[in-house]
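Got a structure here, written out as structure tokens. Questions coming.
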Amino acid sequence: MKEILLISDKGGTGKTTLMKMLVEIVGHSAVYADCTFTSTWKAYPNIIQEDYFNLGQEAVVDEFACMGCGDCEDECRFKAIHMFHGQAQVSKSACTGCGHCIQVCPTGALSLRKVVGGKVIQKEANGAIIVYGTLQYFPRNGIRPVRIIRDKAVDVIISYQKKLLICEAYPGWNRLTFSLIPFANILMPIIEPHPQVFDFLSKVNDYQKNYKCNIALIINKCDLNPIVTKGILEKYPNWNILTLPYTEGYLNQGIDKLKPFILPLLVL
């Protein structure tokens with residue numbers, strides 16, 4: 001399986017628009033995973049499947065069994081339990097679901113329950129399958145929700161016997177992006193030409209040196225700052241780079257320019 005990961009240094013660079021262009025260009029040959037939790041695909045009506053997913057666990061109190069001894073409050077290292085009118089109260093925002101309070105409770109009034117984090121949704125668009133998520137709640141001890149979306153997309157690939165996964169990562173060079181990057185054969189940074197972008201591209205370049213992945217850079221609205229665009233082209237001559245100017249017919253012209261750029265990458 002080959003995997004392309006769309007990344008960006010910030011929001012608003014056109015990454016989601018380009019993801020939709022890839023759906024038009026590559027079509028049913030790939031499965032598409034939107035790991036940004038922005039619900040961009042709500043307008044697509046053809047739902048294939050919806051599943052709730054859990055993110056960690058949290059402590060809950062049986063008020064009839066709690067005798068108000070306060071042992072759980074004293075022992076909770078995260079300060080997630082407080083006594084109120086003789087009853088233990090759990091702060092969801094502070095609880096990590098470690099389970100230590102269960103061990104110290106003399107009456108068994110505390111237990112752990114799974115936390116519903118949101119939904120994973122599969123949709124069909126022009127023969128292509130898109131996997132994305134909605135996030136309802138993210139506890140402190142929750143696993144990275146972006147991995148849940150990506151892993152579900154891999155299951156879909158296996159089920160439908162596809163060979164290509166195209167993922168969209170959350171903006172920024174952060175932990176949410178790091179949890180997806182190691183799986184990618186091709187990193188596709190989508191940027192706009194502003195002076196601060198060189199710091200982001202330097203991090204991408206360092207990653208490529210260490211892990212030998214391919215880079216397919218797209219400079220969106222390249223004509224808004226020709227000097228920075230030229231600097232990027234000169235600094236990274238070994239990268240595959242596509243420049244897209246800012247035009248009113250951006251969507252149609254972008255697809256025409258993206259086709260000869262992306263299709264050769266799929267056979268590397």
Side-chain angles (χ1 to χ4, degrees), residues 5 10-11 33-45 47-123 130-159 167-183:
L5 181 65
K10 62 183 184 66
D34 183 346
C35 300
T36 64
F37 290 92
T38 54
S39 301
T40 305
W41 307 92
K42 276 187 175 181
Y44 290 71
I47 297 176
I48 300 173
Q49 186 175 338
E50 290 183 330
D51 299 295
Y52 287 100
F53 61 84
N54 296 318
L55 287 177
Q57 55 190 7
E58 65 186 9
V60 291
V61 181
D62 181 347
E63 60 182 19
F64 296 104
C66 177
M67 67 178 184
C69 66
D71 287 355
C72 54
E73 181 182 27
D74 295 339
E75 291 291 331
C76 181
R77 57 181 291 196
F78 303 102
K79 307 301 180 183
I81 304 178
H82 302 282
M83 303 306 296
F84 183 74
H85 294 315
Q87 287 280 312
Q89 303 288 323
V90 178
S91 170
K92 290 185 177 181
S93 62
C95 180
T96 66
C98 67
H100 181 61
C101 57
I102 297 173
Q103 306 300 320
V104 302
C105 179
T107 64
L110 287 155
S111 60
L112 293 177
R113 69 179 175 191
K114 293 181 178 179
V115 178
V116 175
K119 280 185 181 179
V120 180
I121 303 166
Q122 298 176 47
K123 286 187 176 179
I130 297 123
V131 181
Y132 71 98
T134 60
L135 193 62
Q136 298 173 196
Y137 176 61
F138 183 45
R140 289 180 58 186
N141 67 325
I143 62 176
R144 300 295 178 198
V146 295
R147 283 290 306 275
I148 293 174
I149 304 302
R150 188 259 172 194
D151 292 347
K152 183 63 178 180
V154 171
D155 291 341
V156 172
I157 278 186
I158 295 171
S159 298
C167 284
E168 180 184 355
Y170 196 81
W173 193 258
N174 50 46
R175 291 180 180 178
L176 293 177
T177 302
F178 297 159
S179 63
L180 297 174
I181 282 180
F183 302 102

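Worth saying up front: this structure is predicted, and the values here are computed from it rather than measured.
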Note to self: Please give me the minimum heavy-atom distance between Leu5 and Ala169, naming the atom from each residue.
What the structure shows: CD1-CB, 3.9 Å
Check: Mind checking whether Val90 and Val60 have side chains closer than 4.5 Å, heavy atoms only?
Finding: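 In short, these two side chains do not touch, never coming nearer than 4.5 Å.
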Notebook entry, point to check: Between the main-chain N or O of Cys95 and the side-chain N or O of Glu58, is there a donor-acceptor pair closer than 3.5 Å?
Noted result: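 Not confirmed, Glu58 side chain does not pair with Cys95 backbone.
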Next item on the list: Would you check if Glu168 and Tyr132 make a side-chain contact, meaning some heavy-atom pair closer than 4.5 Å?
Entry: no
Notebook entry, point to check: If you take all heavy atoms of Ala109 and Cys105, which pair is closest and at what distance?
Noted result: N-SG, 3.2 Å
Check: Does Ile149 reach the side chain of Asp34, with side-chain heavy atoms less than 4.5 Å apart?
Finding: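 With C-beta onward as the side chain, the pair stays apart.
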Notebook entry, point to check: Is there a donor-acceptor pair under 3.5 Å between the side chain of Thr177 and the backbone N or O of Gly172?
Noted result: yes
Margin query: Keeping Ser179 on the side-chain end and Arg147 on the backbone end, is there a donor-acceptor pair under 3.5 Å?
Written below: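 A pair under 3.5 Å: no.
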Next item on the list: Can you see which heavy atom on Cys98 is nearest to which on Phe78, and at what distance?
Entry: SG-CE1, 4.1 Å
Note to self: Do Ile148 and Leu55 have side chains that approach each other closer than 4.5 Å (heavy atoms only, starting at C-beta)?
What the structure shows: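 Answer yes - side chains close enough.
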Notebook entry, point to check: Between Gln57 and Gly97, is there a donor-acceptor pair closer than 3.5 Å when you use the side chain of the first and the backbone of the second?
Noted result: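 Pair found, side chain donor or acceptor close to backbone of Gly97.
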Note to self: Nearest 0.5 angstrom please: Ile48 CD1 to Ile121 CD1, how far?
What the structure shows: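 One gets 12.0 Å once the value is rounded to the nearest 0.5 Å.
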Note to self: Applying ring-ring contact (aromatic ring centres under 6.0 Å, His included), can you list everything that pairs with Tyr44, at least two apart in sequence or on another chain?
What the structure shows: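 With neighbours one apart ignored, the set is Trp41.
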Notebook entry, point to check: Tell me, do Val61 and Ile81 make a side-chain contact under 4.5 Å, heavy atoms counted?
Noted result: no
Check: Would a 4.5 Å heavy-atom cut-off, applied to side chains only, mark Asp51 and Lys152 as touching?
Finding: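 Result yes, sub-4.5 Å side-chain heavy-atom pair found.
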Margin query: Within this structure, what is the CD-CD distance for the pair Gln49 and Gln122, rounded to the nearest 0.5 Å?
Written below: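 These two atoms lie 4.5 Å from each other.
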Notebook entry, point to check: Does a side-chain heavy-atom distance below 4.5 Å link Leu135 with Phe53?
Noted result: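 Of all side-chain heavy-atom pairs linking Phe53 with Leu135, at least one is under 4.5 Å.
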Note to self: Applying ring-ring contact (aromatic ring centres under 6.0 Å, His included), can you list everything that pairs with Phe178, at least two apart in sequence or on another chain?
What the structure shows: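 With sequence neighbours excluded, Phe178 shows a ring-ring contact (aromatic ring centres under 6.0 Å, His included) to Trp173, given in chain and number order.
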Checklist line | Closest heavy-atom pair and its distance - Thr38, Thr36 | finding: OG1-OG1, 2.9 Å
Pair up each side-chain donor or acceptor in residues 66-74 with any protein partner under 3.5 Å, not counting sequence neighbours, and list the distances.
none

Next item on the list: To the nearest 0.5 angstrom, please state how far the CZ atom of Phe64 sits from the CD atom of Gln87.
Entry: 9.0 Å
Item checked: Over 12 non-hydrogen atoms of neighbours within 6.0 angstrom of NZ in Lys42 ->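 No, not enclosed.
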Notebook entry, point to check: Does Tyr170 reach the side chain of Leu180, with side-chain heavy atoms less than 4.5 Å apart?
Noted result: no
Checklist line | Approximate separation, where rounding is to 0.5 Å, of Lys119 NZ and Thr134 OG1 | finding: 6.5 Å
